[in-house]
Amino acid sequence: MNQPLAGYAPAPVTARMENHGNHMLKVAMRTGHDLLARVGSMVAYEGFVQYEPNPPAVRQIAKDWLTGEGAPLMKCSGDGLLYLADYGANVVVINLNGEGISVNATNLLAFDAHLTWGVERVKGLAKFAGQGLWNTKISGQGWVALTSRGKPIVVDCGGGEDETYVDPDALVAWSPNLKVKGKRSFRAQSLIGRGSGEAYQMAFSGQGIVVVQPSEDSTDRLRVRG
C-alpha cells in the first residue's frame with residue numbers, strides 16, 4: 001500500500017460497532033444479527049450484505065415518522081464489514097447494557113435490530129414547539145450509533161435539583177428517565193433558540209445524561225424531512 005495511505009486502512013475488528021475515524025461507523029455483520037440503519041448511510045461494505053429499505057416491521061413501529069420527523073430505516077443483514085456515515089457528521093457509538101436512550105430521530109444512524117425501540121412524542125413541549133418533538137427510544141442489550149454535527153458534549157444532570165437547559169436544535173440524545181419540560185426565554189430572544197424561531201429551551205432534571213452537539217442549525221433536520 002502507498003505509505004501515505006497506510007494510516008487510513010481499517011483496524012482489526014474488536015467490537016460489533018466501532019469508529020473508523022470520527023466520521024465513519026464500522027459494523028461487523030454476522031448472519032442472524034441484523035442491523036437497522038438510516039437509509040442512504042451505507043458508504044462501503046465487504047463480504048455479503050443485503051439491504052431492505054423500510055421493512056414492514058419498521059413501517060409499523062415508525063408510522064409516526066410520517067409527520068415528517070425522523071428518517072426512514074433499512075434492514076441490513078449478512079456477513080462482512082459495513083461502513084456507514086451521514087454527510088461527514090461525527091459518529092458516537094454506544095453499547096447499551098440493559099439501559100435505554102432517547103434519541104432525536106435525525107441523529108440516529110444505526111442500531112442492533114433486536115433492541116426494543118419505538119417512536120414517542122416528547123411530552124410537555126407542544127405549546128412551545130408547535131407540534132412538539134418526536135424521539136426514538138431504544139433499550140436493551142446491544143449497540144447504537146448516533147451522529148453529531150461536530151464533537152458532542154455529554155452533560156451529567158447529576159440527579160440534583162438544578163436543571164440542564166438545551167436548545168432543541170442542539171439536542172442529540174438523553175436518558176429516558178430524565179424529566180423534560182419546555183421553558184421560554186424572554187430576555188434573550190435573539191440569541192437563544194434561533195434554529196427554532198422561538199426563544200425556548202428544553203429543561204432536563206433527574207439522574208441521567210444529555211448529549212449536545214455544537215450546532216443549532218436546523219437545516220439538517222429540514223433536509224431529512226424533505
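- Ring planes of W174 and F204: tilted class, angle from 30 to 60°.
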**Q.** side-chain contact (heavy atoms from CB on, under 4.5 Å) between V92 and V211, worked out
**A.** CA-CA 10 Å; V92 180; V211 183; 5.7 Å; no
(Q) Run E18 and V93 through side-chain contact (heavy atoms from CB on, under 4.5 Å) and show every step you take. (A) CA-CA 6 Å; E18 52 193 329; V93 177; 5.7 Å; no
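- The minimum heavy-atom distance between L82 and Y51, with the atom names listed, is CD1-OH, 3.4 Å.
- Closest approach of E46 to Y83, counting heavy atoms only: OE2-OH, 3.8 Å.
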Distance-only check: which donor-acceptor pairs under 3.5 Å involve side-chain atoms of residues 30-37, not counting sequence neighbours?
unit_1	atom_1	unit_2	atom_2	d
R30	NH2	H33	NE2	3.3
T31	OG1	D79	OD2	2.3

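- Linking ILVMFWY side-chain heavy atoms closer than 4.5 Å, directly or via other members, places W143 and M42 in a single hydrophobic cluster.
- Considering only heavy atoms from C-beta on, M74 comes within 4.5 Å of S41 through its side chain.
- Taking the side chain as every heavy atom from C-beta outward, C157 and L178 approach each other to under 4.5 Å.
- With M17 as reference, V27 is the one residue of V91, I94, V27 to meet the side-chain contact (heavy atoms from CB on, under 4.5 Å) rule.
- Nearest approach of P176 to S102, heavy atoms of both residues: CB-OG, 3.5 Å.
- Closest non-hydrogen pair, L171 versus N104, comes out as O-ND2, 2.6 Å.
- Hydrophobic clustering (side-chain heavy atoms under 4.5 Å, transitive across Ile, Leu, Val, Met, Phe, Trp, Tyr) keeps V49 apart from M24.
- Using a 4.5 Å cut-off on side-chain heavy atoms (C-beta onward), R16 and K26 make no contact.
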Q: Walk me through it: do L25 and N19 pass the test side-chain contact (heavy atoms from CB on, under 4.5 Å)?
A: CA-CA 5 Å; L25 174 70; N19 287 82; 5.7 Å; no
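- One hydrophobic cluster, built from ILVMFWY side chains closer than 4.5 Å, cannot hold both V43 and L73; they sit in different ones.
- Closest heavy-atom contact between Q141 and H114: O-NE2, 2.6 Å.
- Separating the OG1 atom in T136 from the CD atom in E120 is a distance of 9.0 Å, to the nearest 0.5 Å.
- Contact annotation: the side chain of V166 never approaches that of Q201 to less than 4.5 Å [non-hydrogen atoms, C-beta and beyond].
- For F48, there are no ring-ring contact (aromatic ring centres under 6.0 Å, His included) partners, not counting sequence neighbours.
- Both I101 and V154 are part of a single hydrophobic cluster, where members link through side-chain heavy atoms under 4.5 Å apart.
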Q.
With side-chain contact (heavy atoms from CB on, under 4.5 Å) as the criterion, how do W117 and L108 come out once you've worked through the C-alpha distance, each side chain's angles and the decisive distance to 0.1 Å?
A. CA-CA 12 Å; W117 68 286; L108 183 59; 5.9 Å; no
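- With values rounded to the nearest 0.5 angstrom, N90 atom CG is found 12.0 Å from L109 atom CG.
- Side chains of Q213 and N107 form a contact here, defined as non-hydrogen atoms less than 4.5 Å apart.
- Taking all atoms of both residues into account, the shortest heavy-atom contact from L81 to A28 is CD2-CA, 4.0 Å.
- The hydrophobic cluster containing V172 does not contain Y165, counting ILVMFWY residues as joined when their side-chain heavy atoms lie under 4.5 angstrom apart, directly or transitively.
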